[in-house]
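Here the structure comes first, spelled out in structure tokens, and everything after it is commentary.
Here, residue 1 is the first one in the sequence, and each next residue gets the next number. One-based numbering, in listed order, for ligands and for the atoms of each.
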Amino acid sequence: MIIGVLALQGDFREHVDVLRQLGVEVREVRLPEHLAGLDGLIIPGGESTTIGKLAMTFGLIEPLRDFVATGHAVWGTCAGAIFLAKDAGYPQPLIGMMDISVARNAFGRQVESFETDLNMPELAKVAEGDEPFKAIFIRAPLITSVGPGVEILAQLDAGRIVAARQGNMLVTSFHPELTSDPRFHRYFLQMVKLCMVATTSS
Ligand code: GLN
């Protein structure tokens with residue numbers, strides 16, 4: 001299995017480190033040809049407008065859409081989640097394939113960054129116990145609406161959505177790569193395996 005990490009801008013190195021710690025082969029993706037042969041892709045946090053502009057410059061928008069459309073597992077964290085969304089509320093370049101709307105910088109100036117314990121029952125599929133996940137939010141987006149095919153995986157107490165999945169696409173408003181808890185990456189790797197089975201048998 002080879003997992004790509006989009007390495008145009010943002011905290012891609014942290015994702016690469018977690019994946020390597022889990023013994024996974026990783027490739028940094030900067031050009032369309034780097035997508036060939038990958039089994040899954042992570043789009044990191046950073047600045048979604050910058051990631052989008054660089055993706056346009058390097059001719060990556062259509063190849064990334066194809067990668068998603070052919071059933072490969074893709075996970076966007078924070079800016080990566082915005083980049084995957086159909087609607088970001090701004091006219092900015094997006095992959096735009098996941099049926100969610102997001103509100104960028106939804107936590108305002110007072111609480112730009114914070115940590116909170118999040119319950120995510122799905123993580124029990126990859127680890128013992130049901131300890132909450134320490135979620136780190138940095139100028140994070142909120143998922144403000146989801147289409148019918150989207151499963152909500154985690155919400156803040158007030159019912160605000162911060163993790164969701166639609167088939168082969170996973171998004172989180174927060175940054176699991178900045179914690180020492182690899183459960184989220186394990187969860188994504190399990191998703192990659194399931195998507196590999198689905199794409200080879202279809
Ligand atoms: N605020 C950034 C954006 O709108 C996302 C922040 C992050 O990825 N930590 O793109």
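Residues P176 and T77 have side chains in contact (heavy-atom distance under 4.5 Å, counting atoms from C-beta outward). Using a 4.5 Å heavy-atom cutoff, the side chains of F67 and M97 are not in contact.
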Could you walk me through whether F133 and Y187 satisfy the ring-ring contact (aromatic ring centres under 6.0 Å, His included) test, starting with their C-alpha distance in whole Å, then the side-chain angles of each, then the deciding distance to 0.1 Å, before giving a yes or no?
CA-CA 12 Å; F133 192 89; Y187 177 78; over 10 Å; no

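Side-chain contact annotation: S145 with S101, donor-acceptor N/O pair under 3.5 Å present.
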N/O contact list for ligand 1, threshold under 3.5 Å:
unit_1	atom_1	unit_2	atom_2	d
ligand 1	1 (N)	N105	OD1	2.7
ligand 1	1 (N)	R139	O	2.9
ligand 1	1 (N)	R139	NH1	3.3
ligand 1	4 (O)	R104	NE	2.7
ligand 1	4 (O)	R104	NH2	3.0
ligand 1	8 (O)	G46	N	2.9
ligand 1	8 (O)	G46	O	3.1
ligand 1	8 (O)	A79	N	3.0
ligand 1	9 (N)	I138	O	2.9
ligand 1	9 (N)	H175	NE2	2.9
ligand 1	10 (O)	S48	N	2.7
ligand 1	10 (O)	S48	OG	2.8

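Just one residue in the list V26, L38, I43, V18 forms a side-chain contact (heavy atoms from CB on, under 4.5 Å) with V5, and that residue is V26.
Classification of the H185-W75 ring pair by plane angle, with boundaries at 30° and 60°, yields perpendicular.
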